[in-house]
Amino acid sequence: MRTQVAIIGAGPAGLLLSHLLHLNGIESVVLESRSQADIEATIRAGVLEQGTMDILNNAGVGARMQAEGALHHGIELAFGGKRHRIDLTELTGKAITVYPQHEVIKDLVAARQAAQAQLLFEVSNVALHDTDTTKPSVSYVHRGEAARIEADFVIGCDGFHGVSRPAMPAPGRQDFERNYGCGWFGILVESAPSSEELIYAQHDRGFALISTRTPTVQRLYFQCDPADHVDNWSDDRIWAELHTRLENSDGWRVNEGRIFQKNIISLRSYVSTPMQAGRVFLAGDSAHIVPPTGAKGMNLAVSDVHLLAQGLEQFYGKGSEAGLQGYTAAALKRIWRAEYFSWWMTSLMHNFEDFTPFQRQMQRAELDFVVNSRAMATALAENYVGAF
Ligand code: FAD
Ligand code: DHB
């Protein structure tokens, strides 16, 4: 098979890129190792920046997000027994939308399938070839048959554990990494939201976060040992931990309900550069990871492919390689800013085992500074809404 752009991975990055290219008359094939049902049911991100919303709306895939997403004008920071509101809209003129990543995935899959896209699920043995030539190719197995796609470009949108990044040439490659030694325990709960806005809580027992999904489903997280196992946490133990970390004496309570999903993720920051080698490009989590505290991962995947689509449009439309050659530098500017903010929010809100008593005091002083200084609150708000 031959195509213009071969895309590995049908996460937000791969699906949106394929859709943006289609809108500009550029043909692509998307190879995904999981099933459609699986990608449409995997619970991950929830917070979309205005810029992400704009890109999805302009691409014609924002109708359901507009109708069902919840616009949030503020977030709360909880610490020392009090909650403090950061008014995102008053401070920045912008807001964020809570709309689950798997719903974005459903909208993108529906748009691609309506356009009869080449979107192949449950492929295996995906491998990149001839990556140092102008005719790269990708081999794979689909429905028991070995096949190969020859393309002008191969784009690795296959997440952190994919095959594309390891296939990039090692010389000149630089990896930056930080492991935080802590994890997030995430649950989905059948109950009305405990709060209209997200609450990020810092507590001596560790971080906790209240988010929402729908009027009848809550998304809650709390800091845990990344090596812990969900089976060690009975529902009662989870609720006890959340009540302790989130509540104070003002009478407000976290709403309990049936917990129908539990998972643990590990917090890390990671950037691999460059994001291009010849005709092979990386986008989204395949090139970089942020800890989830700043809610930036999916937003970065969207901004990466927005840039990459522009570069490919220039290449096919005007014969110019300028956009593609400038892709790594342009993408990294935003990525490093989001890496910084995610690292900062993580450091501000979590309880680290190796913290000295002095560092604990500094963390508390910084939280006080953020909620009592308009300048600091504005800095947080600008980063959170993605005004950079
Ligand atoms: P992925 O979504 O990982 O997609 C990669 C796809 O490639 C997958 O479907 C995978 O199956 C496929 N694949 C992998 N290997 C292969 C292969 N060899 N061949 C073919 N296909 C392959 N981000 C936010 O912006 N806001 C948030 O609020 C937020 N909260 C988060 C909360 C949690 C608990 C987690 C885990 C993440 C959160 N994120 C958030 C991050 C966000 O989910 C990711 O950054 C985003 O999914 C990245 O998209 P992607 O398309 O680059 O990669
Ligand atoms: C959600 C995830 C995040 O990482 C975050 O910072 C806020 C909300 C969520 O899943 O709703």
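All ligand and atom numbering here is 1-based and tracks the order in the structure. Just so you know, these numbers come straight off a predicted model, no measurement behind them.
- In terms of protein heavy-atom proximity, atom 31 (C) of ligand 1 is nearest to A45 CA, 3.6 Å.
- Ring planes of Y340 and W343: tilted class, angle from 30 to 60°.
- Of all protein heavy atoms, the one closest to atom 14 (C) of ligand 1 is D158 O, 3.1 Å.
- Taking distance alone, with nitrogen or oxygen atoms compared against 3.5 Å, V47 approaches ligand 1 more closely than that limit.
- Below 4.0 Å from some heavy atom of A295 lie the following atoms of ligand 2, by number and element: 5 (C), 6 (O).
- Each of the atoms 3 (C), 4 (O), 5 (C), 6 (O) of ligand 2 lies under 4.0 Å from some heavy atom of P292.
- Below 3.5 Å of separation, one finds no N or O of G14 facing any N or O of ligand 1.
- Contacts of V98 with ligand 2, taken as heavy-atom pairs under 4.0 Å, are absent altogether.
- Distances shorter than 4.0 angstrom occur between a heavy atom of P12 and an atom of ligand 1.
- Classification of E145 and R143 as a salt-bridged pair fails, no side-chain N sitting under 4.0 Å from a carboxylate O.
- Taking all atoms of both residues into account, the shortest heavy-atom contact from A6 to T3 is N-CG2, 4.0 Å.
- Note: an N/O pair closer than 3.5 Å links A13 and ligand 1 by distance alone.
- Using bins of under 30°, 30° to 60° and over 60° for the plane-to-plane angle, the ring pair F222/F185 lands in the parallel bin.
- Between I8 and ligand 1, a contact under 3.5 Å exists for no N or O pair.
- Taking every heavy atom of V163 and a limit of under 4.0 angstrom, the matching atoms of ligand 1 come to 18 (N).
- Backbone and side-chain nitrogen or oxygen atoms of Y221 are examined, and none is located within less than 3.5 angstrom of a nitrogen or oxygen of ligand 1.
- An N or O contact shorter than 3.5 Å links Q101 to ligand 1 by distance.
- Residue M345 places no heavy atom under 4.0 Å from ligand 2.
- Taking every heavy atom of N299 and a limit of under 4.0 angstrom, the matching atoms of ligand 1 come to 25 (O).
- Backbone and side-chain nitrogen or oxygen atoms of A295 are examined, and one is located within less than 3.5 angstrom of a nitrogen or oxygen of ligand 1.
- At a 4.0 Å heavy-atom cut-off, ligand 2 does not touch Y99 at all.
- At a heavy-atom cutoff of 4.0 Å, ligand 2 is contacted by the side chain of S211 but not by its backbone.
- Listed by number with element, the atoms of ligand 2 under 4.0 Å from a non-hydrogen atom of V47 are 7 (C), 8 (C).
- Between W184 and H350, the angle of the ring planes stays under 30°, which puts this pair in the parallel group of the 30/60° scheme.
- Looking at atom 4 (O) of ligand 1, its nearest protein heavy atom turns out to be G11 CA, 3.4 Å.
- The aromatic ring centres of F341 and F388 sit 6.0 Å or more apart.
- Among Y221, Y384, Y200, the residue whose heavy atom lies closest to atom 6 (O) of ligand 2 is Y200.
- Under the 30°/60° scheme for interplanar angles, the aromatic rings of H84 and F79 are found to lie parallel.
- Residues R219 and I43 are in side-chain contact: their nearest non-hydrogen atoms beyond the backbone lie under 4.5 Å apart.
- For the pair D285 and ligand 1, the shortest N or O to N or O distance falls below 3.5 Å.
- By the 3.5 Å distance cut-off applied to N or O atoms, G46 is counted among the residues near ligand 1.
- Heavy atoms of R213 found under 4.0 angstrom from ligand 2 belong exclusively to the side chain.
- Of the N or O atoms in E32, one or more lie within a sub-3.5 Å distance of an N or O in ligand 1.
- With ligand atoms numbered from 1 in the order given, ligand 1 contributes 49 (O), 52 (O) to contacts under 4.0 Å with heavy atoms of A301.
- In summary, the atoms of ligand 1 found under 4.0 Å from a heavy atom of C157, numbered by their order in the structure, are 5 (C), 6 (C), 7 (O).
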